[in-house]
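Order of listing sets the numbers, starting from 1, for every ligand and every atom in it. Small disclaimer: the values here were computed from a predicted structure and weren't measured.
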Amino acid sequence: MTAPRANRPLLNRNLAEFGTTIFAEMSALAARTGAINLGQGFPDTDGPEQVREAAVRALRDGRGNQYPPGPGVPELRTAIAAHQQRHYGLEYDPDQEVLVTAGATEAIAAALLALLEAGDEVIALEPYYDSYAACIAMAGARRVPVTLRPHEGAFRLDLDELRSAVTPRTRLLLLNTPHNPTGTVLSREELSAIAALAVERDLLVVTDEVYEHLVFEGEHLPIAALPGMRERTVTISSAGKTFSFTGWKVGWVTSTQELVTAVRSAKQFLTYVASGPFQYAVAEALRLPDTYFTAFREDLRAKRDLLCTGLADAGVKVFRPAGTYFVTADIRPLGESDGIGFCRSLPKRAGVVAIPNAVFYDDTEAGTPYVRFAFCKRKGVIEAAIERLSNLRK
Ligand code: PMP
Ligand code: GLN
């Protein structure tokens, strides 16, 4: 039987360049081969018991089992606003300036679909998280990557390159700090320069800050806190990374009423709402004492150090991340140059799964030798992976 409308590809042409997301591909490879999965970024232990219990309570008490309100349950919106105030001194009105989404993923999609039109240009830091490229494409806009380049052991933004990427068609800067996959944390100086550019060229900024509580060096500074930025910035975060409940898919947007209304216009036709009972639990999580956030960060700092040392001993060049729970390594010291081939063969060669950074680049050559390893795993699992990777040299 011929496919209906065989004269035209089934998949919308905007999506044609995107195959299966690398995270699904690599987790399936790990499951198939039994390799240790340091690919997709999810923790192998769940978040705080108290938060899980709060979800159970909400479920049992019948809170959130039916459609929650479109913008999110008031308890969570209030907790998100309080979180922004407590950690960054940013004031948002929980009723007008906060929107709960199905993870950061939906927040990104809704923001881009709401704010972009066909032909608009979006500047994104390269390597970029894969959903950015897909959502820009779904909006019919064009991505303009600005590549973070290795410099003194970290991937850094070239501010001149950023400036020259702006054209009259640029609508929006899409930022991500702490940055996945490189682990770069944009400094106050860099963010100030980006902010000045956004103001000068009257650009919107969408900033993905899902790793806001995973900064090991320096500090996390939301760009919305800089002068002139609150009114042009859509800030996105989520509970998945901060509280180790990636399956709950509770994310949020904070911005001005005008921007939140725009994002909500798109969001209401994506999921409408999601994660009812979990919203109540995340409200409780956001109010956890500082000791929770510090202990979480320190636990991951120790794991970062463990994995970085292990990778260096295995013979790759390590870019020690200032934030996130990922470390990028350059495989060239092993005599290898193709990260994609390396990751496809790694389960067989060493029983470990990692992510090739090349898939996050338009300039694939710039990303070819880099590979990302996640360290949000139990210590014993990281140690076992290191033991396996040590065979690469032999
Ligand atoms: N942005 C970045 C940079 C990420 O690494 C991830 C993965 N957590 C997301 C967005 C998606 O977040 P969520 O799982 O909350 O949709
Ligand atoms: N954010 C996770 C990562 O970077 C993956 C999330 C997903 O699979 N979409 O690994």
Side-chain angles (χ1 to χ4, degrees), residues 18-31 37-44 46-47 72 76 80 99-112 124-136 148 155 174-186 206-215 220 222 234-254 263 267 270-271 274-275 278-279 281-282 285-286 300 321 323-328 343 353-360 367 370-377:
F18 306 102
T20 304
T21 157
I22 190 71
F23 303 116
E25 181 187 335
M26 287 300 167
S27 281
L29 183 62
N37 190 355
L38 302 189
Q40 192 175 30
F42 62 89
D44 61 357
D46 290 344
L76 177 54
I80 291 165
L99 174 66
V100 176
T101 56
T105 305
E106 189 195 34
I108 293 159
L112 297 176
L125 308 181
E126 178 180 76
Y128 44 74
Y129 185 58
D130 66 348
S131 86
Y132 302 168
C135 291
I136 293 168
L148 303 181
F155 286 82
L174 179 49
L175 303 179
N176 172 216
T177 182
H179 183 260
N180 177 9
T182 63
T184 291
V185 174
L186 294 175
V206 172
T207 173
D208 175 346
E209 304 184 358
V210 298
Y211 299 100
E212 61 187 313
H213 289 291
L214 280 177
V215 174
H220 173 67
V234 173
T235 304
I236 291 170
S237 194
S238 105
K241 306 291 165 170
T242 299
F243 301 111
S244 300
F245 288 113
T246 58
W248 288 9
K249 296 300 285 189
V250 177
W252 52 87
V253 166
T254 48
V263 177
K267 183 259 185 299
L270 295 173
T271 57
S275 314
F278 298 126
Q279 292 194 22
V282 172
L286 285 165
L300 280 151
T324 76
Y325 44 50
F326 304 113
V327 51
T328 285
C343 288
V353 159
I355 300 282
N357 289 21
V359 300
F360 307 129
Y370 304 117
V371 169
R372 187 194 85 174
F373 296 85
F375 52 85
C376 45
K377 306 292 171 184

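- Using a 4.5 Å heavy-atom threshold, the side chains of Trp248 and Phe243 count as separate.
- Ligand 2 lies within reach of Asn180, whose nearest heavy atom is under 4.0 Å from it.
- Contacts with ligand 1 closer than 4.0 Å are made by heavy atoms of both the backbone and the side chain of Thr105.
- Proximity of Ser238 to ligand 1 is established by a heavy-atom distance of less than 4.0 Å.
- Residue, atom and distance of the protein heavy atom nearest to atom 5 (O) of ligand 1 are Tyr211 OH, 2.6 Å.
- The single protein non-hydrogen atom nearest to atom 8 (O) of ligand 2 is Gln40 NE2, 2.7 Å, given as residue, atom name and distance.
- Near Lys249, meaning under 4.0 Å from any of its heavy atoms, are these atoms of ligand 1: 13 (P), 14 (O), 16 (O).
- For the pair Ala104 and ligand 1, the shortest N or O to N or O distance falls below 3.5 Å.
- Of the possible polar contacts, one joining the Thr328 side chain to the Pro181 backbone as a donor-acceptor pair under 3.5 Å is found.
- Between atom OG1 of residue Thr246 and atom CD of residue Gln40 there is a gap of 7.5 Å, rounded to the nearest 0.5 Å.
- Judged purely by atom type and a 3.5 angstrom limit, Arg372 uses its side chain to pair as donor or acceptor with the backbone of Gly39.
- Distances from atom 7 (C) of ligand 2 to the heavy atoms of Tyr211, Tyr325, Phe360, Tyr129 show the closest one on Tyr129.
- For ligand 1, the polar-atom distance check finds no N/O of Thr246 at less than 3.5 Å from any of the ligand's N/O atoms.
- Using a 4.0 Å cut-off between heavy atoms, Lys241 contacts ligand 1 through its side chain alone, with no backbone atom that close.
- Residue contact check: Gly103 has heavy atoms under 4.0 Å from atoms 15 (O), 16 (O) of ligand 1.
- Here Lys241 has side-chain heavy atoms under 4.0 Å from ligand 2, and that is the only part of it that gets that close.
- Residues Val282 and Trp252 form a side-chain contact, since some pair of their non-hydrogen atoms from C-beta on lies under 4.5 Å apart.
- Panel note: side chain Asn176, backbone Asp208; a donor-acceptor pair is recorded below 3.5 Å.
- For Lys377 and Phe42, the positive end sits near the middle of the six-membered ring, less than 6.0 Å away and at most 45° from its axis.
- Every atom of ligand 2 is numbered from 1 in the order shown, and the set under 4.0 Å from a heavy atom of Phe326 is 3 (C), 4 (O), 10 (O).
- The two residues Val185 and Gly323 come nearest to each other via the heavy atoms CG2-N, 3.7 Å.
- Remark: side-chain polar atoms of Thr101 are paired, donor with acceptor, to backbone N or O of Gly103 under 3.5 angstrom.
- Contact record, Leu175 with Tyr132: O-OH, 4.3 Å, taken as the closest heavy-atom pair.
- Contact annotation: for Asn176 versus ligand 1, heavy atoms closer than 4.0 Å belong to the side chain alone.
- In the candidate list Tyr129, Tyr325, Phe23, Tyr129 is nearest to atom 4 (C) of ligand 1, counting heavy atoms.
- The closest approach between any non-hydrogen atom of Phe42 and ligand 2 is not below 4.0 Å.
- In terms of protein heavy atoms, atom 1 (N) of ligand 1 is closest to Asp208 OD2, 2.5 Å.
- Here CZ of Phe375 is found 8.5 Å from CZ of Phe326. Values are rounded to the nearest 0.5 Å.
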